[in-house]
Amino acid sequence: MSRLASLLSPLAAAIALLSTLASAHDNGMDMTMDGAMDLAAGEMLPYLHFTPGDIVLFYGWVPSSKGAMVGTCIGLFLFALVERWIATCRGVMEAHWRRRAQIAQADRINLPTTTTSDKASLTSNSIRHTVTLRNAPPFNYVHDLTRGVLHAVQVAVQFLFMLIVMTFQVSFILSLVIGLGVGEALFGRFASHAALHG
């Protein structure tokens, strides 16, 4: 018991020393979260609001007049349309690539042979190999690198949307939501049609 107490006393002393050092250091900043954050270009309000003056993605993009707010909302609406267009392009390309992979597999199964016995054994072996061993199409540099780039672009756009929503500016949020809805209405049918008939 005395050995445990001898180990714990230096540990308790170290914790006490660190806690006094941490609380004694004051850099002059008010760390309360009760009000708006003062920024050089404006204030960041921590609740939903319609007041102008929020930074949108860049330090220089601070719409403070009514005209600037309207322009920003139109730009965000169009940005949301672009995101839905990228998603549709991905869906259409996926369906196209899936169709091409199915055609390539069917071509491998239907290879021409010289005799009927060779054809029967080759066909049964090809079908068994195609059905049992291959669940996904093979790696294709053009398809898979394009898929990766489109996915990265779409995720980057979605992260930018998240940063815009974090301004708590209701007009920005509504512009994005309405733009995503209109974009889905305009472009979504192409991706769903390609998926159904692909």
Side-chain angles (χ1 to χ4, degrees), residues 22-23 25-100 136-137 139-198:
S23 63
H25 180 68
D26 182 18
N27 58 5
M29 292 180 61
D30 180 19
M31 298 304 289
T32 62
M33 296 296 215
D34 296 336
M37 292 174 54
D38 290 328
L39 302 173
E43 291 186 344
M44 182 178 167
L45 301 175
Y47 50 84
L48 293 173
H49 62 279
F50 283 101
T51 56
D54 290 318
I55 297 173
V56 183
L57 297 179
F58 306 108
Y59 185 69
W61 188 3
V62 184
S64 55
S65 67
K66 288 182 182 180
M69 288 294 291
V70 169
T72 299
C73 289
I74 291 171
L76 294 176
F77 174 84
L78 294 174
F79 195 37
L81 287 179
V82 168
E83 193 277 334
R84 288 289 79 204
W85 177 74
I86 293 170
T88 298
C89 288
R90 277 188 64 206
V92 169
M93 285 187 217
E94 288 287 341
H96 174 72
W97 293 331
R98 190 178 322 106
R99 231 181 351 261
R100 286 189 58 178
F139 183 80
N140 184 331
Y141 291 106
V142 174
H143 299 171
D144 294 323
L145 291 178
T146 304
R147 176 186 298 117
V149 167
L150 281 175
H151 182 71
V153 168
Q154 190 176 10
V155 168
V157 169
Q158 291 170 350
F159 282 149
L160 293 176
F161 286 170
M162 177 195 61
L163 291 174
I164 291 167
V165 168
M166 288 173 58
T167 64
F168 294 104
Q169 173 54 264
V170 177
S171 55
F172 298 164
I173 296 168
L174 289 176
S175 297
L176 289 176
V177 169
I178 292 169
L180 289 170
V182 170
E184 185 64 27
L186 290 175
F187 305 120
R189 66 182 185 276
F190 297 113
S192 63
H193 178 73
L196 288 175
H197 299 290

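None of these values were measured; they are calculated from a predicted model.
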J.: With sequence neighbours left out, write down each residue that passes side chain to side chain contact (heavy atoms under 4.5 Å, CB included) with Ser64, or none if nothing qualifies.
T.: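 Ser64 satisfies side chain to side chain contact (heavy atoms under 4.5 Å, CB included) with no other residue.
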J.: Going by side chain to side chain contact (heavy atoms under 4.5 Å, CB included), name the residues that satisfy it together with Val170, two or more places apart in sequence or in a different chain.
T.: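 By the side chain to side chain contact (heavy atoms under 4.5 Å, CB included) rule, Val170 matches Leu48, Phe50, Leu174.
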J.: Determine whether Ile164 and Leu176 satisfy the following criterion, side chain to side chain contact (heavy atoms under 4.5 Å, CB included), listing intermediate values before the conclusion.
T.: CA-CA 9 Å; Ile164 291 167; Leu176 289 176; 3.7 Å; yes
J.: Parallel, tilted or perpendicular: which describes the rings of Trp97 and His143, with under 30° parallel and over 60° perpendicular?
T.: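 Judged by the thresholds at 30° and 60°, the geometry between Trp97 and His143 is parallel.
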J.: Looking at every non-hydrogen atom in both residues, tell me the closest pair between Gly91 and Ala191 and how far apart they are.
T.: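 That would be CA-CB, 4.3 Å.
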J.: Could you report the tightest heavy-atom contact between Phe172 and Val56, atom names first, then the distance?
T.: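 So the two residues come closest at CE1-CG2, 3.3 Å.
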J.: Which value, rounded to the nearest 0.5 Å, describes the distance between Asp54 atom CG and Met166 atom CE?
T.: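 Answer rounded to 0.5 Å: 12.0 Å.
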J.: For the atom pair CG (Leu57) and OG1 (Thr167), what is the distance rounded to the nearest 0.5 Å?
T.: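 Rounded to the nearest 0.5 Å, the CG-OG1 separation comes to 9.0 Å.
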J.: For residues 146-162, which residue pairs pass the salt bridge (Lys or Arg N to Asp or Glu O under 4.0 Å) check, not counting sequence neighbours?
T.: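 Listed once each, the pairs are Glu94-Arg147, Asp144-Arg147.
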J.: For Leu150, which residues count as a side chain to side chain contact (heavy atoms under 4.5 Å, CB included) partner, sequence neighbours excluded?
T.: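 Leu150: side chain to side chain contact (heavy atoms under 4.5 Å, CB included) contacts with Ile86, Arg90, Met93, Thr146.
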J.: Could you name each residue pair satisfying salt bridge (Lys or Arg N to Asp or Glu O under 4.0 Å) that touches residues 157-168, not counting sequence neighbours?
T.: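 Output for this query is empty, none listed.
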J.: Tell me, please, which residues at least two apart from His96 pass side chain to side chain donor-acceptor pair (under 3.5 Å).
T.: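 Residues passing side chain to side chain donor-acceptor pair (under 3.5 Å) with His96: none at all.
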J.: Could you pull out all residues at least two apart from Ser171 that satisfy side chain to side chain donor-acceptor pair (under 3.5 Å)?
T.: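 Applying side chain to side chain donor-acceptor pair (under 3.5 Å) to Ser171 gives Gln169.
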J.: Once ring pair (Phe, Tyr, Trp, His ring centres under 6.0 Å) is applied, do any residues pair with Tyr47, and if so which ones, sequence neighbours excluded?
T.: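 Residues passing ring pair (Phe, Tyr, Trp, His ring centres under 6.0 Å) with Tyr47: none at all.
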J.: Enumerate the residue pairs fulfilling salt bridge (Lys or Arg N to Asp or Glu O under 4.0 Å) with a member in residues 150-165, sequence neighbours excluded, ordered by first and then second residue.
T.: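 Matches after skipping sequence neighbours: none remain.
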J.: Identify the heavy atoms of Ala80 and Gly179 that sit nearest to each other, and give their distance.
T.: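 Scanning both residues completely, I find the closest heavy atoms to be CB-C, 3.6 Å.
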J.: Report the residues that fulfil ring pair (Phe, Tyr, Trp, His ring centres under 6.0 Å) with Phe77, sequence neighbours left out, ordered by chain and then residue number.
T.: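 If we apply the ring pair (Phe, Tyr, Trp, His ring centres under 6.0 Å) test to Phe77, skipping adjacent residues, there are no hits.
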J.: Scan for side chain to side chain donor-acceptor pair (under 3.5 Å) pairs involving residues 69-89, sequence neighbours excluded, and state none if there are none.
T.: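 Matches after skipping sequence neighbours: Trp61-Thr72, Glu83-Gln154, Glu83-Gln158, Arg84-Glu184.
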J.: About how many Å separate CG of Leu76 and CG of Leu180, when rounded to the nearest 0.5 Å?
T.: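 It comes to 10.5 Å.
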